[in-house]
Amino acid sequence: MLDIHPAHHAATTWRDFFIHIVTIVLGLLIAIGLEQTVEYIHHRHQLHQLEADLRAEGIRNLHIALDNIHGSELRRQSDADQYAEFLQAAREHRAPAAYPAQFIMYTKPAFAVWTVAQQSGTLDLLPREDALSYARLYGVVQYAVDQVKAINTALDGRSVAMVPAMSDPPALPTLLQTGQPPVYDLSLLSPEDLRNARNAVGEDMFTTRQSIKWNVYLYGIDWSVLHGSRSDEENVRTFNDAMNIYTQGGTAALLAKYPLPQ
């Protein structure tokens with residue numbers, strides 16, 4: 001609010017009157033200018049802080065994506081070995097061996113900075129092309145986050161399907177408390193249970209493959225945005241290229257072309 005105080009004495013001539021009016025107008029313009037300057041500086045500070053926070057969150061998500069890719073690779077390989085054993089045992093008309101399952105900690109990509117910026121309105125401070133670029137990035141972040149439910153569902157299905165093969169059922173309560181993996185004897189499974197177990201392992205293998213895909217996509221588009229791309233075409237090209245490179249040479253090849261920022 002701007003306070004306007006009356007003159008100490010009344011104007012006695014037109015000259016005094018106009019001087020008084022000009023003084024008021026100049027005072028108002030100076031006050032408004034100062035207020036706008038302070039607001040501009042404040043908004044610039046908010047913008048720079050938001051850009052720094054988005055960059056920090058982006059770098060964190062690069063590391064999360066790599067960790068999720070690595071963990072999903074281990075779990076996919078474990079599932080693939082078990083699934084191959086199911087198929088080989090069926091061909092040889094014998095009970096399949098039970099291989100140790102690979103359980104992983106899947107970390108949700110971070111999105112707190114983006115969410116807070118949306119809710120607080122500071123997102124409006126970003127240039128339009130930056131906001132659109134980040135919107136596409138966080139759309140991919142959401143797909144990677146959604147993998148958590150799919151992974152947990154597939155793991156639960158795998159675990160339930162293997163319960164009839166537990167070699168020591170009375171030890172189940174203790175195993176649930178300690179978190180130790182149970183010992184399975186797949187010769188205990190009926191043909192139907194064996195089929196269910198094989199399908200559950202196959203479903204888990206497919207789910208980890210999807211996890212790898214979305215985390216590679218996340219790595220690619222995140223890297224692109226962090227390195228200044230504000231073009232949808234460039235971002236899409238980069239995350240598709242990241243997938244092609246990963247498919248051909250794995251994480252090592254991905255990091256060779258798109259290294260982590262210092």
(request) Give the C-alpha distance, both sets of side-chain angles, the deciding distance and a yes or no for side-chain hydrogen bond (donor to acceptor under 3.5 Å, both in side chains) between N235 and S133. (result) CA-CA 8 Å; N235 291 337; S133 185; 3.2 Å; yes

[X] vs [Y] side-chain heavy atoms within contact, under 4.5 Å:
X	Y	answer
V236	I221	no
T238	H227	no
V113	L50	yes
L66	L255	yes
D204	V201	no
L62	L226	yes
F86	L186	yes
R75	L155	yes

(request) Can you establish whether the number of heavy atoms outside R128 located under 6.0 Å from its atom CZ is more than 12? (result)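 Not buried by this count: 12 neighbours or fewer within 6.0 Å.
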
Which pair of non-hydrogen atoms, one from [X] and one from [Y], has the smallest distance, and what is that distance?
X	Y	answer
L188	A165	CD1-O, 4.0 Å
A110	R60	CB-NH1, 3.6 Å
L126	E51	CD2-CG, 4.2 Å
I69	N215	CG1-CB, 3.6 Å
R55	P261	NH2-CB, 4.1 Å
Y106	S211	CE1-OG, 3.1 Å

Does the side chain of [X] come under 3.5 Å of the side chain of [Y] through a donor N or O and an acceptor N or O?
X	Y	answer
Q77	D81	yes
D53	Q49	yes
E92	Q88	yes
N68	Y219	no
Q118	Y138	no

(request) Check the pair L218, L137 against side chain to side chain contact (heavy atoms under 4.5 Å, CB included), reporting the backbone distance first and the verdict last. (result) CA-CA 7 Å; L218 172 57; L137 165 59; 4.1 Å; yes

(request) Might you work through the side chain to side chain contact (heavy atoms under 4.5 Å, CB included) test for H70 and T251, ending with a clear yes or no? (result) CA-CA 8 Å; H70 176 66; T251 306; over 6 Å; no

(message) Is it the case that the side chain of S78 and the backbone of P100 share a donor-acceptor pair, with hydrogens and angles ignored and the cut-off at 3.5 Å?
(response)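 Looks like yes, one N/O pair under 3.5 Å.
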
(request) For S224 and G220, indicate whether the former's side chain and the latter's backbone hold a donor-acceptor pair under 3.5 Å. (result)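 No: the side chain of S224 does not pair with the backbone of G220.
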
(request) Can you sort out the partners of R158 under salt bridge (Lys or Arg N to Asp or Glu O under 4.0 Å), two or more places apart, ordered by chain and number? (result)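 Partners of R158 by the salt bridge (Lys or Arg N to Asp or Glu O under 4.0 Å) criterion, ordered by chain and then number, come out as D79.
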
(request) Could you give me the CA-CA distance, side-chain angles and deciding distance for N199 and E203, then say whether side-chain hydrogen bond (donor to acceptor under 3.5 Å, both in side chains) is met? (result) CA-CA 6 Å; N199 292 341; E203 178 66 25; over 6 Å; no

Calculate, to the nearest 0.5 Å, the distance between atoms [atom1] and [atom2] belonging to [X] and [Y] respectively.
X	Y	atom1	atom2	result
N61	I64	CG	CD1	5.0 Å
T107	H63	OG1	NE2	13.0 Å
S190	N196	OG	CG	7.5 Å
D185	M162	CG	CE	10.0 Å

Cluster check [X], [Y]: I/L/V/M/F/W/Y, side chain < 4.5 angstrom:
X	Y	answer
V225	V145	yes
Y143	I212	yes
F206	I151	no

(request) Could you go through the salt bridge (Lys or Arg N to Asp or Glu O under 4.0 Å) check for E73 and R76 one step at a time? (result) CA-CA 5 Å; E73 287 174 339; R76 180 184 63 178; 5.1 Å; no

(request) Just say parallel, tilted or perpendicular for the rings of W223 and Y258, cut-offs at 30° and 60°. (result)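 Rings of W223 and Y258: perpendicular, over 60°.
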
(message) Is there a side-chain hydrogen bond (donor to acceptor under 3.5 Å, both in side chains) between D146 and Q142? Walk through the geometry before answering.
(response) CA-CA 6 Å; D146 291 343; Q142 187 59 54; 2.9 Å; yes

Lys/Arg N to Asp/Glu carboxylate O, [X] vs [Y], below 4.0 Å:
X	Y	result
K257	D241	yes
R198	E85	no
R237	E234	yes

(request) Measure from the ring center of Y217 to the ring center of F239 and say whether it is less than 6.0 Å. (result)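 Aromatic pair counts; centres sit under 6.0 Å.
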
(message) Using side chain to side chain contact (heavy atoms under 4.5 Å, CB included), reason through T153 and D156 one step at a time and then give a plain yes or no.
(response) CA-CA 5 Å; T153 300; D156 289 344; 5.7 Å; no

(request) Please assess S231 against S229 for the test side-chain hydrogen bond (donor to acceptor under 3.5 Å, both in side chains), listing each intermediate value before the final yes or no. (result) CA-CA 6 Å; S231 161; S229 172; 5.4 Å; no

(request) Would you please test V183 and M166 for side chain to side chain contact (heavy atoms under 4.5 Å, CB included) and show each step? (result) CA-CA 6 Å; V183 177; M166 285 188 62; over 6 Å; no

